[in-house]
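Please read the structure below before turning to the comments.
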Amino acid sequence: MTETVPHRGLDSRGCIAREGSLARVPYAFRPVVVAARDRIPDVFGARLHSAYLYGSIPRGTAREGRSDLDLLVVLHEEPTDADRADGRALDETLDSEFPQIDGGGTLLVGHARVLSDLERHDLGWFLACLCTPLLGEDLAAYLPRYRPDSLLARETNGDLALLLPRWRDRVASAGGSEEVLRPLVRGMSRRLVRTAFTLVMPRWNGWTSDLHEMAEAFGAYYPQRAEQLRTAAVLGYEPSGDRAVLSSYVDDLGPWLAEEYARVHGVKADRPEEP
């Protein structure tokens, strides 16, 4: 049976359709996914509740040697420092064994946090709509259906103003090499494009994870900033190690976007300090 995707990422009820599936994993990446599925229980044992894939691999858009392996691991309790060390070790092992991927990142969260009221429209939405079940019970069954509304916009990306001081510190302390600057450009570009998209998401009335589509959706409402976002989308996929780009993010685009976001959607609810 042919799988169909609703226009603009919504289902027939106007809710955000879950993106990605194991059936969409490109053939070259299937051994990586199998290895992750087999090793996660060995690494986390009885602490493990469930595990999920997200990102380009389950969406079917991953590129060999360029895409990373993104995993979300839910534990029965809040993760400890030892759990985080185990997660980093798993990432490093998979990255070293499989040339198809260019790095990886395992997010660790506690079961209760995923289902908490505070995280209902952030981490809960992320799991229910952007993550593909890999192991264990799918917590999406305990979460609501989500619409592309202002509440979702606020709780997913309404914290950019809090990030900017940390970004400035990272830029100031980073060396000048391409190897050091390129990951910063990639990460900040992606975050800014996604934030810009969710700024206009309720008006656009849909969902996409494609950075170019996000930039175009944003540009329809903010033409004066459209070219900046198109450039950021390109750099999110093909980053350069350009310090001037980072300076433009923390001194111009970032502050403007944070102020406009707060004006339109408000500020994300406070979260406890994370380790």
Side-chain angles (χ1 to χ4, degrees), residues 1-25 49-62 70-74 107 109-160 190-191 193-222 229 233 261-262 264-269 271:
M1 182 176 178
T2 302
E3 187 174 8
T4 59
V5 180
H7 178 59
R8 288 188 168 180
L10 303 182
D11 63 19
S12 60
R13 293 180 291 174
C15 297
I16 297 174
R18 196 174 208 173
E19 64 176 25
S21 72
L22 294 181
R24 294 182 193 166
V25 173
H49 175 276
S50 52
Y52 307 79
L53 286 172
Y54 67 96
S56 62
I57 291 179
R59 290 199 303 267
T61 60
D70 296 312
L71 297 167
L72 173 68
V73 173
V74 179
L107 297 179
V109 297
H111 173 276
R113 182 183 169 198
V114 174
L115 300 181
S116 68
D117 289 341
L118 185 62
E119 294 292 347
R120 179 69 49 94
H121 286 82
D122 187 11
L123 181 58
W125 164 80
F126 172 71
L127 183 147
C129 295
L130 305 189
C131 291
T132 297
L134 186 64
L135 287 166
E137 181 185 29
D138 182 8
L139 288 177
Y142 300 95
L143 293 163
R145 304 306 302 272
Y146 295 90
R147 296 183 183 276
D149 57 20
S150 186
L151 172 61
L152 185 62
R154 186 186 75 221
E155 291 304 305
T156 51
N157 288 302
D159 57 351
L160 181 59
R190 290 186 169 209
R191 180 59 188 263
V193 173
R194 288 167 179 158
T195 301
F197 169 69
T198 51
L199 171 63
V200 304
M201 176 181 65
R203 284 182 281 176
W204 194 69
N205 192 33
W207 174 261
T208 177
S209 283
D210 182 275
L211 298 181
H212 297 303
E213 291 181 358
M214 287 181 165
E216 291 304 318
F218 168 84
Y221 299 96
Y222 292 91
L229 260 292
Y261 213 97
V264 174
H265 298 301
V267 178
K268 184 175 183 175
R271 263 60 172 175

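Given the structure is predicted, the values throughout are model-derived calculations rather than measurements. Along the sequence shown, the residues carry numbers beginning at 1.
D138 meets the salt bridge (charged side-chain N to carboxylate O under 4.0 Å, His left out) test with R18; sequence neighbours excluded. With sequence neighbours excluded, the residues forming a side-chain hydrogen bond (donor to acceptor under 3.5 Å, both in side chains) with T208 are E213, listed by chain and number.
Environment of OH in Y142: sparse, with no more than 12 heavy atoms of neighbouring residues, nucleotides or ligands closer than 6.0 Å.
Taking CG from D210 and OG from S56, the interatomic distance works out to 11.5 Å, rounded to the nearest 0.5 Å. With rounding to the nearest 0.5 Å, the separation of CG in L107 from OH in Y54 is 3.5 Å. Rounded to the nearest 0.5 angstrom, L22 CG and I57 CD1 are separated by 11.5 Å. To the nearest 0.5 Å, atom CG of residue L139 and atom NE2 of residue H111 are 5.0 Å apart.
Here the side chain of E137 pairs no donor or acceptor atom with the backbone of H49 at under 3.5 angstrom. Put simply, the side chain of R194 never gets that close to the backbone of N157: no donor and acceptor are under 3.5 Å apart. With R203 contributing its side chain and M201 its backbone, the two residues share no donor-acceptor pair below 3.5 Å. The backbone N or O of A153 sits less than 3.5 Å from a side-chain atom of Y261, completing a donor-acceptor pair.
Using a 4.5 Å heavy-atom cutoff, the side chains of P202 and H265 are in contact. Between L130 and E19 there is a side-chain heavy-atom pair separated by less than 4.5 Å. In this structure, the side chains of L71 and L134 come closer than 4.5 Å at one or more pairs of heavy atoms. Taking 4.5 Å as the limit, some side-chain heavy atom of R120 sits within range of a side-chain heavy atom of Y146. Looking at heavy atoms from C-beta onward, V25 lies out of side-chain contact with T132 at the 4.5 angstrom threshold. Looking only at side-chain heavy atoms (C-beta outward), R147 and L152 stay at 4.5 Å or farther from each other. Side chains of L10 and I16 form a contact here, defined as non-hydrogen atoms less than 4.5 Å apart. Looking only at side-chain heavy atoms (C-beta outward), Y221 and L199 stay at 4.5 Å or farther from each other.
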Inset, instruction - Let me see the working for W207 and F197 under ring pair (Phe, Tyr, Trp, His ring centres under 6.0 Å), right down to the final yes or no. - result: CA-CA 9 Å; W207 174 261; F197 169 69; 5.5 Å; yes
Inset, instruction - Apply side chain to side chain contact (heavy atoms under 4.5 Å, CB included) to the pair L127 and V74, showing each step before the final yes or no. - result: CA-CA 10 Å; L127 183 147; V74 179; 4.2 Å; yes
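The minimum heavy-atom distance between V193 and M214, with the atom names listed, is CG1-CB, 3.7 Å. Closest approach of R24 to P58, counting heavy atoms only: CB-O, 3.3 Å. Scanning all heavy atoms of the two residues, the minimum distance from V264 to S150 falls at O-OG, 4.3 Å. Here the shortest heavy-atom pairing between L229 and A215 reads O-CB, 3.6 Å. Between R154 and K268, the shortest heavy-atom distance links the atoms O-CB, 3.4 Å. Taking each heavy atom of E119 and R113 in turn, the nearest pair found is CB-O, 3.3 Å.
Classification of R191 and D159 as a salt-bridged pair holds, one side-chain N sitting under 4.0 Å from a carboxylate O. The pair D11-R145 meets the salt-bridge criterion, with a side-chain N (NZ, NE, NH1 or NH2) lying under 4.0 Å from an Asp/Glu carboxylate O.
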